[in-house]
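Everything on this sheet refers to the single structure shown next.
In what follows, chains carry the letters A, B, and so on, assigned in the order in which the sequence lines appear, proteins first and then strands, with residues in each chain numbered from 1. Worth knowing before you read on, the calculation uses all heavy atoms, side chains too, and leaves out hydrogens, waters and symmetry mates.
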Number of protein chains: 2
Amino acid sequence: MTVFDFDRASKLAPAVARERKDDSPCAACSVRGMTICAPLDSNELAQVSALMTSVELQAGAPLFDEGEEAGNVYNLTSGTLKVYKLLPDGRRQVTGFLFGGDFLGLATQDTYAFSAEAVTPCLLCRFPRHKLEDLMQRMPKIEQRLLSIASNELVAAQEQMLLLGRKTAREKIASFLMMLAKRAKQRGQPEDPVLVSMSRTDIGDYLGLTTETVSRTFTQLKQEGIINLLPNHQVKLAQREALEEIAGGY
Amino acid sequence: MTVFDFDRASKLAPAVARERKDDSPCAACSVRGMTICAPLDSNELAQVSALMTSVELQAGAPLFDEGEEAGNVYNLTSGTLKVYKLLPDGRRQVTGFLFGGDFLGLATQDTYAFSAEAVTPCLLCRFPRHKLEDLMQRMPKIEQRLLSIASNELVAAQEQMLLLGRKTAREKIASFLMMLAKRAKQRGQPEDPVLVSMSRTDIGDYLGLTTETVSRTFTQLKQEGIINLLPNHQVKLAQREALEEIAGGY
DNA sequence: TTTTTCTTTTGATGTGGATCAACGACGCGC
DNA sequence: GCGCGTCGTTGATCCACATCAAAAGAAAAA
């Protein structure tokens, strides 16, 4: 379990690395045609794009903290982001990793229920929440899209509860690798040598394990020939079916 | 960890205990003014009510199973319901308990992502999903309400991930009791002697513990004078602040 | 009421993963 | 290139909770 490291926190990079006011619509959002913009026509898209600002984060930079006023929602254009919650003594639970195309910042209360931090350098589209809410009144399509996103997240959250509450370390690691492979495939990236861009600590905090256990379990799977640990944080799924079997049918 | 008991399963009560076609609007839904009907005017309410059927479940009766076609959504009028997921070998994770006023059955895919079963006798309002979806096209208010419900559930799910991944047995039980108290208060029921209507097995499967550990932890808290175990499944929160402290600030 | 059955509690023992400790390996700035 | 800080791996030991076992309550059936 990771205990909050105050020394490290004070050394963190500044909150927002760079920020650009951009008159053109968020290229990645419209090009990819994903996330909240997906169901919109060009006129609607222009209205949404007018609200948007680009944000750039360097690895390790926080986007916002739990409890902070939830003024914006975001679309992650590229990079990897983690969202997490802390206990008062610093124990951390990473509740999710976000990748290119993912949506972030849904909140009913007016404060964020979790913190968000860049794992790798990130590009995001930012929308002021109240303006987007005004727009939603006139464009139910956005609301539909948001409901669909929330429903999918809810399904994923329940899956993760099953993992945290009932799976062994071995099953957790196998599930984690399968999840990374699936998500990479979804956004059209290579899924066999899986790129594991996050640290053992982040993985441990996501799976409810310690770094040591994460490391030992990777080693164990490697020795069994189920995976190969390649350079540059890549993992080859040597026996994909075996891994899927261990993951527990999910 | 609970392993699937095939003998017990075969002895379970039939799926739907009773069912009534009801011309009048679901009394509880409109009276309470909660859940998806909350923001509607009387004309809109009539349209929604026209789609509704009442369902009655006896304790232990399943409402639907994971993987089943998601044909309906439900409003729980009274009683307690549990939703859960199973691993292939029968290990179970209860992902939530639902109480009077709660909404159930949100799904993007066309199958349920979890199973639902009555803990106590239950009364529900049932809505055919495709008809409700048609209605949503014309009444964005319902969609807004659903998005709000989903957002709240998402916050609760992240809270539960923190609990499952990072809290000790003692902290889990304390959090569980505080949650029950809070939810009882929300729906205007006595919150101090908390009614714990579910079995130790259900609690264990909700918190990622065994029945034995749940029982031992209750006993321990009782011996420390933090709670009192009363007859009829009631628990008196003798030292509420101490319990809140143990729960970890949530 | 007594009997049966299921649930909860309590006890004895085992173990998966945490903790504590040290070392090796990679990346970065100089 | 070299030194240095961070991250990952490996080893030894510990402990919170699981597992196994049985008794004590509670509820349902006879």
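Remark: B/Glu191 pairs with B/Arg240 by the side chain to side chain donor-acceptor pair (under 3.5 Å) rule, at least two apart or across chains. Remark: B/Phe97 pairs with B/Tyr206 by the ring pair (Phe, Tyr, Trp, His ring centres under 6.0 Å) rule, at least two apart or across chains. Among residues two or more places apart in sequence or in another chain, the side chain to side chain donor-acceptor pair (under 3.5 Å) test is passed with B/Thr217 by none. A/Asn72 meets the side chain to side chain donor-acceptor pair (under 3.5 Å) test with no other residue; sequence neighbours excluded. In this structure, A/Glu69 has no salt bridge (charged side-chain N to carboxylate O under 4.0 Å, His left out) partners at least two apart in sequence or on a different chain. Every residue was checked against the salt bridge (charged side-chain N to carboxylate O under 4.0 Å, His left out) condition with B/Arg216, not counting sequence neighbours, and none meets it. Partners of A/Glu153 by side-chain contact (heavy atoms from CB on, under 4.5 Å), not counting sequence neighbours, listed by chain and number: A/Ile149, B/Leu154. B/Arg200 meets the side-chain contact (heavy atoms from CB on, under 4.5 Å) test with B/Thr211, B/Val214, B/Phe218; sequence neighbours excluded. For the side-chain contact (heavy atoms from CB on, under 4.5 Å) test, residues two or more places apart in sequence or in another chain that qualify with B/Ala116 are B/Leu63, B/Phe64, B/Leu81, B/Val83, B/Leu104.
Rounded to an integer number of Å, the gap from A/Leu221 CG to D/dT9 P is 12 Å. Straight-line distance from the CG atom of A/Asn232 to the C1' atom of D/dG8: 15 Å, rounded to whole Å. Atom CG of B/Leu163 and atom P of D/dC17 are 12 Å apart (whole Å). Distance NZ (A/Lys172) to P (C/dA18): 7 Å, rounded to an integer number of Å. Put simply, CG on B/Leu207 is 12 Å from P on D/dC17, counting in whole angstrom units. In this structure, the NZ atom of B/Lys167 is 14 Å from the P atom of D/dC17, given to the nearest Å. Nucleotide D/dC17 holds its P atom 13 Å from the CZ atom of B/Arg166, rounded to whole Å. One can place CG of B/Leu230 at 16 Å from C1' of D/dA26, the figure rounded to the nearest angstrom.
The pair A/Arg170-A/Glu224 counts as a salt bridge, with a side-chain nitrogen and a carboxylate oxygen less than 4.0 angstrom apart.
Annotation: A/Lys236, atom NZ; neighbour count of heavy atoms from other residues, nucleotides and ligands within 6.0 Å is above 12.
Side-chain nitrogen and oxygen atoms of A/Thr210 include none within less than 4.0 Å of the OP1 or OP2 phosphate oxygen of C/dG17.
Within the helix from C/dT1-D/dA30 to C/dC30-D/dG1, the inter-axis angle between the opening and closing five-pair segments is 40°, rounded to 10°.
At a threshold of 4.0 angstrom between heavy atoms, the contacts of B/Gly204 with the nucleic acid are absent.
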Problem set entry | Per-nucleotide protein contact string for nucleotides 8-16 of chain C (B base, S sugar-phosphate only, - none; heavy atom under 4.0 Å) | SBBBB----
Produce the list of close N/O pairs, under 3.5 Å, pairing protein atoms with atoms of nucleotides 22-24 of chain C; give distances to one decimal.
none

